[in-house]
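Lettering follows sequence order; numbering is per chain, from 1. Quick caveat, the model's predicted, so the values are computed rather than measured.
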Amino acid sequence: MKILVCISHVPDTTSKINFTDGDTKFDTNGVQYVINPNDEFGLTRAMWFKEKQGASVDVVNVGGSETEPTLRKALAIGADSAIRVNTPATDGYAVAKQLAKVVNDGGYDLVIAGRESIDYNGTMVPGMLAAMIGANFVTNCISLEVDGTSAKAVREIDGGKETVSTSLPLVIGGQKGLVEESDLRIPNMRGIMMARKKPLTVVEPIDATTETNAVSFEKPAPKGAVKLVDADNIDELVNLLHNEAKVI
Amino acid sequence: MSILVYTESENGKFKKAALEVVSYAKAVADQMGTSVTAVAVNADNAETLGNYGASKVLLVKDESLKAFNAKKYAAIVENAAKNEGSKVVVVSASADSKYLAPLLAVGLDAGYVSNVVAAPSNVSPFTVKHSAFTNKAFANTEITTDVKIVGLSNNSFGLVESGGSASVEDFSPSIPESGVTVESVDKATDKVSIADAEIVVSGGRGLKGPENWGMIEELAEVLGAATACSKPVSDLGWRPHGEHVGQTGKPVASNLYIAIGISGAIQHLAGINSSKVKVVINTDPEAPFFKAADYGVVGDAFEVVPKLIEKLKAFKAANA
């Protein structure tokens, strides 16, 4: 089985978010970048397939050279090779088009992407990619088994979960549950040394127009101070929620 | 040329989010000088969408579509959009709509923006405000394609009743085979889901163990709320993944979020930033959550929550 894991290069979850240039650009100053957490669950599941069932695992990112440390980390975790499509990740549609070219060229059976990236939260790239390449698609995936060309997946739905059967070629929008948090791997020294020797191929992008354009950003309005209610006066809390906040 | 809305229903009944997207679409239609057409699948009382601003409903009745299927449903909406010549399609932010929308976007060659929180600031160029960085910020984004898809964040626009009526037309588009078959659905039908909930009651590690969740569930029941939890709680296996709220879990956009025994890590706060009113109950007055909350109680959850349940029961009885 030939697996491709899509890796988004995103600000660490603890990052404070700021903007520059008149609130038109994300301020990267002091921001640590990581593998998008939803992608990391998928990468670890791909490693499981590689080790238990036999599979090759490539990782791909659409982005500038600044994303290479993130791809190297994925190689250190155990991916066999990495591909970087040399263009900034502008919008979801353009990213999906670049990924579709990589998937078609590489002949992958299974593509695992995070259900969304934690920066733009677009929830669109895996679905668009599946539609573009004509593959089956399951998102919010919390369990995945593959047997030959058949696949069984469990996906989270609002208020529960559903089990689906499908077949390869398949695109997965994965998330926590695909593997447990405790199963996520931290690159060890051997992995880091080996990653240096693994191929990281840079491919030039195809022409892909963007369909959306983020023109400005804003932060939520600053909050007023919390109104503290005495633990012995819960009537007051009920009163505030009813009369002031009007939420009950 | 009308604005098209995909309206979700369950067991024939429209979800609240469906009424909200119709209300939103009506506002967009008024801005663009056009009308609203809704697409519904196996819904009863489709004409009721008129009360929220739809003038026409395209109704698909097909038993084989009982279980949601993203590819088939996307094809229905795509057909409807093409029939109507719609330049704007509105969907909700439910798990199903977020599954369907990217497939629809490719089918219609349309730009798609999800997690939209307000009516367009401008319709030419078409510009919408949406949450980004897991609710730590908002982006104002132009959609530059001829056809545009807007995914509306739940509880962000509200319901607007207009008292109108909608004509209902049977709609039978050709539906493709789907390569994904639903084998089984495991859903607690009597529970409010986090995505639909107007109120969410959430517990953290301060509750000390899963055996103490009874009072969280009781509080949620009194309020008609959904239950949720912090990341450590789902990592420890005290509660299912589906209840984990935060940057790597579910985002919450409820009207009221009550956090009990949750200190308020930055990743958790990001997940609940879109909630309108936040209440925190925690023994530690230094917990970061107090800086993000509207109302706070410094106290032991095991004493405060039973009191709150008792007071809310009395309040409900008095206001029944």
Using non-hydrogen atoms and a 4.5 Å limit, figure out which bit of L223(B) sits close to chain A: side chain, backbone, both or neither. side chain
Will you find, in the side chains of E183(B) and S165(A), an N or O donor that is under 3.5 Å from an N or O acceptor? yes
Please state whether the side chain, the backbone, both or neither of I194(B) comes within less than 4.5 Å of a heavy atom of chain A. neither
Output for pair (F26(A) CZ, F133(B) CZ), nearest 0.5 Å, gives 5.0 Å
Does atom NZ of K191(B) have more than 12 heavy-atom neighbours from other groups under 6.0 Å away? yes
Does CG in D21(A) sit with more than 12 non-hydrogen atoms of other residues, nucleotides or ligands closer than 6.0 Å? yes
Between the main-chain N or O of E211(A) and the side-chain N or O of T144(B), is there a donor-acceptor pair closer than 3.5 Å? yes
So does N243(A) have more than 12 non-hydrogen atoms from other groups sitting under 6.0 Å from CG? yes
Using a cut-off of under 4.5 Å for heavy-atom pairs, which of N36(A), D230(A), L228(A) has the most such pairs with chain B? L228(A)
Test item: K250(B) and E156(A) side chains (from C-beta on) under 4.5 Å apart, heavy atoms: yes
Contact between V238(A) and L308(B) at the side-chain level, heavy atoms closer than 4.5 Å - yes or no? yes
Going by atom types only, do T13(A) and Q267(B) share a side-chain donor-acceptor pair under 3.5 Å? yes
As an exercise: rank A226(B), S131(B), A292(B) by heavy-atom pairs under 4.5 Å with chain A and give me the winner. A292(B)
Measure across G179(B) and T166(A) and return the closest heavy-atom pair with its distance rounded to 0.1 Å. O-OG1, 2.9 Å
Can you tell me which portion of F137(A) sits under 4.5 Å from chain B's heavy atoms? Options are side chain, backbone, both or neither. both
With sequence neighbours excluded, tell me which residues meet salt bridge (Lys or Arg N to Asp or Glu O under 4.0 Å) with D232(A). K307(B)
Non-hydrogen atoms of chain A under 4.5 Å away: do they reach the side chain of F138(B), the backbone, both or neither? both
Counting heavy-atom pairs closer than 4.5 Å to chain B, which one of L237(A), N18(A), N239(A), N38(A) comes out on top? L237(A)
Check each atom of T209(A) against the heavy atoms of chain B and say whether the ones under 4.5 Å are side chain, backbone, both or neither. neither
Side-chain H-bond candidate by donor/acceptor type, Y112(B) with D91(A), under 3.5 Å: no
Could you check which of V164(A), D23(A), L240(A) has the highest count of heavy-atom pairs closer than 4.5 Å to chain B? V164(A)
Side chains of I248(A) and I199(B): closer than 4.5 Å at any heavy-atom pair? yes
Looking only at heavy atoms and a cut-off of under 4.5 Å, which of V280(B), D235(B), D300(B) has the most pairs with chain A? D235(B)
I need the I234(A) CD1 to I281(B) CD1 distance, nearest 0.5 Å. 6.5 Å
Relative to chain A, which of S114(B), A74(B), G299(B), A197(B) shows the most heavy atom pairs under 4.5 Å? S114(B)
Which atoms form the tightest heavy-atom contact between V226(A) and G296(B), and what is the distance? CG2-N, 3.5 Å
Could you go through D109(B) and Y93(A), starting from their C-alpha distance and side-chain angles, then the distance that decides it, and tell me whether this counts as side chain to side chain contact (heavy atoms under 4.5 Å, CB included)? CA-CA 9 Å; D109(B) 201 10; Y93(A) 201 93; 2.9 Å; yes
Decide yes or no on side chain to side chain contact (heavy atoms under 4.5 Å, CB included) for I157(A) and K187(B), but give the supporting numbers first. CA-CA 8 Å; I157(A) 56 175; K187(B) 193 168 174 177; 4.1 Å; yes
For the candidates D158(A), N140(A), T210(A), I142(A), which exhibits the highest count of non-hydrogen atom pairs separated by less than 4.5 Å from chain B? D158(A)
Quick one: what part of A110(B) sits under 4.5 Å from any heavy atom of chain A, side chain, backbone, both or neither? backbone
Contacting region of V192(B) [heavy-atom separation from chain A under 4.5 Å]: neither
Note, N140(B) side chain near E218(A) side chain (heavy atom, < 4.5 Å): yes
With only heavy atoms counted, which part of N115(B) is less than 4.5 Å from chain A, the side chain, the backbone, both or neither? side chain
Residues A105(B) and M128(A): closest non-hydrogen pair is CB-CE, 3.7 Å
Any ion pair linking D294(B) and K223(A) (charged N to carboxylate O, less than 4.0 Å)? yes
How far does CG of N213(A) sit from CD of E142(B), to the nearest 0.5 angstrom? 5.5 Å
Part of V277(B) lying under 4.5 Å from any heavy atom of chain A: side chain
Most heavy-atom pairs under 4.5 Å with chain A, out of K129(B), E198(B), E243(B), belong to K129(B)
Which residues, numbered in order, of residues 112-125 of chain A come under 4.5 angstrom of chain B by heavy-atom distance? R115(A), I118(A), D119(A), Y120(A), N121(A), G122(A), T123(A), M124(A)
Just checking N11(B): does its CG atom have more than 12 heavy atoms from other residues, nucleotides or ligands closer to it than 6.0 angstrom? no
Hey, does the side chain of K136(B) reach the backbone of S15(A) with a donor-acceptor pair shorter than 3.5 angstrom? yes
Please look at K231(B) and chain A and tell me whether the side chain, the backbone, both or neither of the residue comes under 4.5 angstrom of a heavy atom of that chain. both
Between chain B and each of H242(A), Q175(A), E162(A), K176(A), count heavy-atom pairs under 4.5 Å; write down the option with the most. K176(A)
Report the option among E180(A), K219(A), K161(A) that has the most heavy-atom pairs separated by less than 4.5 Å from atoms of chain B. K161(A)
Distance in Å, T181(B) OG1 paired with N136(A) CG, rounded so as to fall on 0.5 Å steps: 9.0 Å
Looking only at heavy atoms and a cut-off of under 4.5 Å, which of T127(B), V182(B), L104(B) has the most pairs with chain A? V182(B)
Report which part of L241(A) has an atom under 4.5 Å of a heavy atom belonging to chain B: side chain, backbone, both, or neither. side chain
For A137(B) and P220(A), which heavy atoms make the closest approach, and how far apart are they? CA-CD, 4.1 Å
